[in-house]
Peer 1: 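This is the structure I want to talk about, given as structure tokens.
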Protein chains: 2
Amino acid sequence: MDRSNSISGKTIGRLSLFRRLLTALSFEGKTHIYSHELANMAGVTAAQVRRDFMVIGYSGSPVKGYHITELIRCVSRVLDDPEGTNVAIVGVGHLGRAIMNYFQGRRPKLQIVAAFDRDEHKVNRVIQGVRSHSLSALKEVVAQRRITVAIITVPASSAQEVAEQLVEAGVRGLVNFAPVPLRLPDEVSVEDMDITMSLEKVAYFSGISDAGKERMEP
Amino acid sequence: MDRSNSISGKTIGRLSLFRRLLTALSFEGKTHIYSHELANMAGVTAAQVRRDFMVIGYSGSPVKGYHITELIRCVSRVLDDPEGTNVAIVGVGHLGRAIMNYFQGRRPKLQIVAAFDRDEHKVNRVIQGVRSHSLSALKEVVAQRRITVAIITVPASSAQEVAEQLVEAGVRGLVNFAPVPLRLPDEVSVEDMDITMSLEKVAYFSGISDAGKERMEP
DNA sequence: CTCACAGCGTTATTTTTTTCACAAGAAAAC
DNA sequence: GTTTTCTTGTGAAAAAAATAACGCTGTGAG
Ligand SMILES: NC(=O)c1ccc[n+]([C@@H]2O[C@H](COP(=O)([O-])OP(=O)(O)OC[C@H]3O[C@@H](n4cnc5c(N)ncnc54)[C@H](O)[C@@H]3O)[C@@H](O)[C@H]2O)c1
Ligand SMILES: NC(=O)c1ccc[n+]([C@@H]2O[C@H](COP(=O)([O-])OP(=O)(O)OC[C@H]3O[C@@H](n4cnc5c(N)ncnc54)[C@H](O)[C@@H]3O)[C@@H](O)[C@H]2O)c1
């Protein structure tokens with residue numbers, strides 16, 4: 001089971017989503033769910049749901065469907081490091097603070113435990129329960145707090161440099177909000193959150209959907 | 001050429017990235033580039049770069065490579081609506097303001113022209129040059145400013161409702177920051193920016209990276 | 001001049017991801 | 001007791017995406 005190797009990124013992403021939906025259902029008192037119900041909620045097909053659960057080795061009952069709390073436990077065994085994962089955030093600007101504000105306490109096994117900024121005015125403060133440090137303390141704090149994942153919210157011009165420092169300090173995964181592709185060793189996994197790209201994508205697809213149509217009412 | 005239909009979302013996303021990289025190169029005075037150089041910068045393969053440009057019908061020269069400014073123009077002809085695309089943002093909270101602050105003036109053809117919030121304290125103000133309106137004005141303003149794309153930065157509990165109002169008002173594309181999947185008509189294109197999911201993905205892969213091999217983004 | 005290169009465009013191949021389709025099993029209906 | 005009707009799990013098929021392969025074409029070294 002924890003002999004879990006080679007699950008695709010796509011599947012991991014969906015499992016994360018499924019777990020969130022299942023947790024909400026569990027709160028509402030629901031105990032079982034069918035693949036097509038969950039599929040409908042998540043916006044995917046039922047076959048995909050069944051396949052994803054097959055990948056992690058969870059079986060439901062053809063008569064009752066999936067047992068929600070068991071399923072959550074099973075997904076969590078795949079997604080979560082049992083020790084928990086400590087996360088750092090670098091760049092305590094507008095976006096960095098918004099993320100800290102949003103994220104804290106959301107996932108019990110995934111906690112932001114340190115923030116870093118180059119600006120001396122922003123260090124040695126506690127924001128959302130997270131202490132901010134000077135960049136010069138990065139290596140030490142990352143090691144001390146056993147930080148393995150980091151969120152980058154510095155300006156694009158500093159992102160590569162910051163990423164390298166983080167990797168050098170031992171970080172193995174990054175969520176990058178700066179609009180630049182990071183060049184890092186293959187064993188570091190990076191997820192880019194590029195709002196300009198996303199906007200251009202939806203602008204493109206929203207534009208071609210009414211290729212022949214004209215404008216509606218002014 | 002403008003008979004451009006059926007370009008995959010993956011390709012559109014890369015084109016957006018390529019354009020950004022090319023624009024930066026152009027500023028530095030570079031005039032030509034080879035596929036493998038751009039590939040290297042973008043973190044993809046050279047074959048992919050050539051393929052993407054083939055899809056949009058741009059040809060380079062085997063001797064000089066691609067002509068950067070021509071290429072930018074060609075990509076822009078695909079990505080940009082010549083009239084420009086007007087964007088709204090709904091939810092003027094921490095994240096909404098961070099995005100306005102970041103995005104304004106970044107893409108000439110893609111402009112945030114209105115903000116909306118339910119909180120009366122946040123309406124009728126001008127933030128980053130963008131006027132914020134009451135939600136009740138949504139339909140009217142969307143029509144008046146010909147807004148076709150919107151960014152959703154309201155709490156998860158309101159996201160579905162807000163999305164429906166936007167679609168009802170005529171919006172065709174959404175970038176959704178709320179951590180809930182939106183259920184909307186197929187012709188509306190939605191891009192989700194889910195930081196919890198991204199963090200769980202990199203946490204997962206950073207955890208198994210020592211054990212086995214796994215590639216993240218295909 | 002000739003030849004070896006280097007890089008493009010495109011076709012072919014491989015790999016990855018999604019969807020289809022159906023056996024099997026159990027409740028419910030009759 | 002039999003049939004009907006739901007599921008799940010999963011092999012097979014299809015679709016989508018990425019990669020490799022190769023012919024073509026100027027270039028520049030010798
Ligand atoms: N993907 C998105 O949705 C999105 C949205 C907004 C902004 N962004 C990006 O996020 C980044 C931050 O945006 P913001 O609006 O918070 O900017 P900001 O200017 O408010 O904050 C940047 C912070 O980084 C700090 N910083 C600068 N250089 C640093 C370094 N080398 N090391 C450590 N800290 C450093 C600054 O002191 C500042 O506190 C930018 O790259 C921006 O492009 C992305
Ligand atoms: N993807 C990410 O990286 C990320 C990061 C942080 C937050 N988020 C999400 O973004 C959303 C906003 O986060 P935030 O930190 O800015 O929260 P916030 O509370 O600071 O802001 C929310 C804003 O939405 C307004 N609002 C509430 N209900 C509304 C409605 N029905 N119509 C219009 N406006 C309404 C509120 O008045 C407030 O101004 C949340 O859903 C959060 O989950 C996503």
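Computation of the quantities below employed the complete heavy-atom set of this structure, encompassing side-chain atoms and omitting hydrogens, waters and symmetry-equivalent molecules. Since we're looking at a predicted model, the values are computed, not measured. Letters A, B, ... are given to chains in the order of the sequence lines, protein chains preceding strands, and every chain is numbered from 1.
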Peer 1: Is the shortest side-chain N/O distance from A/S59 to OP1 or OP2 of D/dG9 below 4.0 Å?
Peer 2: yes

Peer 1: Starting at atom CD of B/Q48, determine the distance to atom P of C/dT11, rounded to an integer number of angstrom.
Peer 2: 17 Å

Peer 1: Expressed in angstrom and rounded to an integer, what is the separation of B/E37 atom CD from C/dA6 atom P?
Peer 2: 14 Å

Peer 1: Tell me whether the OP1 or OP2 atom of D/dT19 has a side-chain N or O from B/T45 closer than 4.0 Å.
Peer 2: yes

Peer 1: Rounded to whole Å, please give me the gap between CZ in B/R50 and C1' in D/dA21.
Peer 2: 10 Å

Peer 1: Mind calculating the distance between NZ (B/K64) and P (D/dT27) to the nearest angstrom?
Peer 2: 10 Å

Peer 1: Roughly how many Å is it from OH in A/Y58 to P in D/dT8, rounded to a whole number?
Peer 2: 11 Å

Peer 1: Would you kindly give the OH-to-P distance between A/Y34 and D/dT8, to the nearest whole Å?
Peer 2: 8 Å

Peer 1: Would you mind telling me which residue lines up with the more 5' stretch of DNA chain C, A/R51 or A/P62, judged by nearest nucleotide?
Peer 2: A/R51

Peer 1: How long is the line joining NE2 of B/H36 and P of D/dA21, in whole Å?
Peer 2: 18 Å

Peer 1: Do we see a donor-acceptor contact under 3.5 Å between the side chains of B/T23 and B/S26?
Peer 2: no

Peer 1: Reckon B/T11 touches a base, only the sugar-phosphate, or nothing at all at heavy-atom distances under 4.0 Å?
Peer 2: nothing

Peer 1: Can you tell which of C/dG9, D/dT19, C/dT19 lies closest to the side chain of A/A47?
Peer 2: C/dT19

Peer 1: Got a donor-acceptor contact below 3.5 angstrom from the B/Q111 side chain to the B/G105 backbone?
Peer 2: no

Peer 1: Quick one: is C/dC8 close enough that its OP1 or OP2 comes under 4.0 Å of any side-chain N or O from B/S35?
Peer 2: yes

Peer 1: Report yes or no: does B/S206 contribute a side-chain atom to a donor-acceptor pair with the main-chain N or O of A/V171 at less than 3.5 Å?
Peer 2: no

Peer 1: Which part of the nucleic acid, if any, lies within contact of B/F53, taking any heavy atom under 4.0 Å across all strands shown: a base, the sugar-phosphate backbone alone, or nothing?
Peer 2: nothing

Peer 1: Atom NZ of residue position B/K64 - does it have more than 12 heavy atoms of other residues, nucleotides or ligands inside 6.0 Å?
Peer 2: no

Peer 1: Tell me: NZ of B/K10 to C1' of D/dA16, nearest whole Å?
Peer 2: 8 Å

Peer 1: Measure centre to centre between the rings of B/Y66 and B/F53, then say whether the value is under 6.0 Å.
Peer 2: yes

